K.L.:
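Take this structure, written in structure tokens, and hold onto it; I'll ask about it next.
Quick caveat: nothing in here was measured; it's all calculated off a predicted structure. Start at 1 with the first residue, then count along the sequence.
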Amino acid sequence: MIKEAISFGSGFNLIHLDTMIKVDVFISKDEPYHRSTFQRRRKDTLEEDDSLKFYIVSPEDIILNKLDWFRLGGQVSDQQWRDIQGVLKIQRDLLDMEYLFRWAKELRLDDLLKQALRDAGISYS
């Protein structure tokens with residue numbers, strides 16, 4: 001399944017059975033936005049002693065990707081919208097709004113981003 005996802009440029013899931021943590025893995029595309037996403041990745045760890053390190057996508061890129069999936073799914077996925085709202089509300093004071101709006105416009109997601117921000121009760125200018 002992993003080899004197939006890589007060859008088609010799609011994603012796959014990994015599940016850590018001891019903790020039941022699910023990780024979504026997506027194959028990066030050679031496009032400006034995806035290169036930007038890769039450059040902005042953040043190092044994290046699950047272990048207290050930092051022995052198991054991995055990279056995660058920035059909150060801004062999670063929002064943008066989920067907005068894109070929401071749009072591609074016909075804008076009907078309550079789960080995607082709840083996920084977007086959750087990230088916005090938790091990260092609200094830490095978000096790079098300039099980055100969000102720049103890429104939302106480039107990806108033609110700016111109307112959805114504005115709606116998501118309104119729904120999350122976050123003012124923007």
K.L.:
Side chains of V76 and F70: does their closest heavy-atom pair fall under 4.5 Å?
P.N.:
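The answer is no, as the side chains (C-beta and beyond) never meet within the 4.5 Å cut-off.
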K.L.:
How is the hydrophobic cluster of F8 composed, in terms of its other members, when Ile, Leu, Val, Met, Phe, Trp and Tyr link through side-chain heavy atoms under 4.5 Å apart, directly or indirectly?
P.N.:
none
K.L.:
Mind checking the CD1-CG spacing from I122 to L88? Nearest 0.5 Å is all I need.
P.N.:
4.5 Å
K.L.:
Nearest 0.5 Å please: distance from the CG atom of L72 over to the CG atom of L67.
P.N.:
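Interatomic distance, L72 CG to L67 CG, rounded to 0.5 Å: 11.0 Å.
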K.L.:
From K89 NZ over to L117 CG, what is the distance, rounded to the nearest 0.5 angstrom?
P.N.:
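Nearest 0.5 Å value for the NZ-CG distance: 11.5 Å.
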K.L.:
Suppose clustering is done on Ile, Leu, Val, Met, Phe, Trp and Tyr with side-chain heavy atoms closer than 4.5 Å. Which residues sit in the same group as F38?
P.N.:
none
K.L.:
Look at atom CD of E106 and say whether more than 12 heavy atoms of other residues, nucleotides or ligands are closer to it than 6.0 Å.
P.N.:
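At most 12 heavy atoms, drawn from other residues, nucleotides or ligands, come within 6.0 Å of this atom.
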K.L.:
Is a donor on one side and an acceptor on the other found under 3.5 Å between the side chain of R118 and the backbone of S123?
P.N.:
no
K.L.:
For E31, does the CD atom sit with more than 12 other heavy atoms under 6.0 Å from it, leaving out its own atoms?
P.N.:
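Atom CD in E31 is crowded, with more than 12 foreign heavy atoms closer than 6.0 Å.
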K.L.:
Should I56 and I63 be regarded as members of a common hydrophobic cluster, given that ILVMFWY residues are connected when their side-chain heavy atoms come within less than 4.5 Å of each other, either directly or indirectly?
P.N.:
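No, it is not one cluster - the side chains of I56 and I63 are not joined through contacts under 4.5 Å.
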K.L.:
Does K22 have any salt bridge (charged side-chain N to carboxylate O under 4.0 Å, His left out) partners at least two apart in sequence or in another chain, and if so, which?
P.N.:
D24
K.L.:
According to side chain to side chain contact (heavy atoms under 4.5 Å, CB included), who are the partners of Q39, at least two apart in sequence or on a separate chain?
P.N.:
none
K.L.:
Show me, pair by pair, the donor-acceptor contacts under 3.5 angstrom made by side chains of residues 9-17, not counting sequence neighbours?
P.N.:
residue: H16; atom: ND1; partner: T19; partner atom: N; Å: 3.3
residue: H16; atom: ND1; partner: T19; partner atom: OG1; Å: 2.8

K.L.:
Give every residue pair that meets the side chain to side chain donor-acceptor pair (under 3.5 Å) criterion with at least one member in residues 77-86, sequence neighbours excluded.
P.N.:
K66-Q80, K66-D83, Q79-R82, Q79-D83, W81-D119
K.L.:
According to ring pair (Phe, Tyr, Trp, His ring centres under 6.0 Å), does anything in residues 49-69 pair up with another residue at least two apart or in another chain? List the pairs.
P.N.:
F26-W69
K.L.:
Flag yes if V25 and L64 sit in one hydrophobic cluster, no otherwise; membership is Ile, Leu, Val, Met, Phe, Trp, Tyr, and two members link when side-chain heavy atoms are under 4.5 Å apart.
P.N.:
no
K.L.:
Taking only residues two or more places apart in sequence or in another chain, which ones pass side-chain hydrogen bond (donor to acceptor under 3.5 Å, both in side chains) with R42?
P.N.:
none
K.L.:
For residues 90-103, dump all side-chain donor-acceptor pairs below 3.5 Å to protein atoms at least two apart in sequence or in another chain.
P.N.:
residue: R92; atom: NH2; partner: G121; partner atom: O; Å: 2.9
residue: D96; atom: OD1; partner: E98; partner atom: N; Å: 3.3
residue: D96; atom: OD1; partner: Y99; partner atom: N; Å: 3.0
residue: Y99; atom: OH; partner: S36; partner atom: OG; Å: 3.0
residue: Y99; atom: OH; partner: D61; partner atom: OD1; Å: 2.7
residue: Y99; atom: OH; partner: D61; partner atom: OD2; Å: 3.3

K.L.:
Find the distance between CG (L112) and CD1 (I84) and round it off to the nearest 0.5 Å.
P.N.:
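L112 atom CG to I84 atom CD1 measures 7.5 Å (nearest 0.5 Å).
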K.L.:
Determine, using the 4.5 Å side-chain heavy-atom cutoff (strictly less than), whether V23 and I6 are members of one ILVMFWY cluster.
P.N.:
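Hydrophobic grouping puts V23 with I6.
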K.L.:
List in chain and number order the residues that pass salt bridge (charged side-chain N to carboxylate O under 4.0 Å, His left out) with R35, two or more places apart in sequence or in another chain; answer none if no residue qualifies.
P.N.:
D30
K.L.:
For a 4.5 angstrom cut-off between non-hydrogen side-chain atoms, does R71 reach L109?
P.N.:
yes
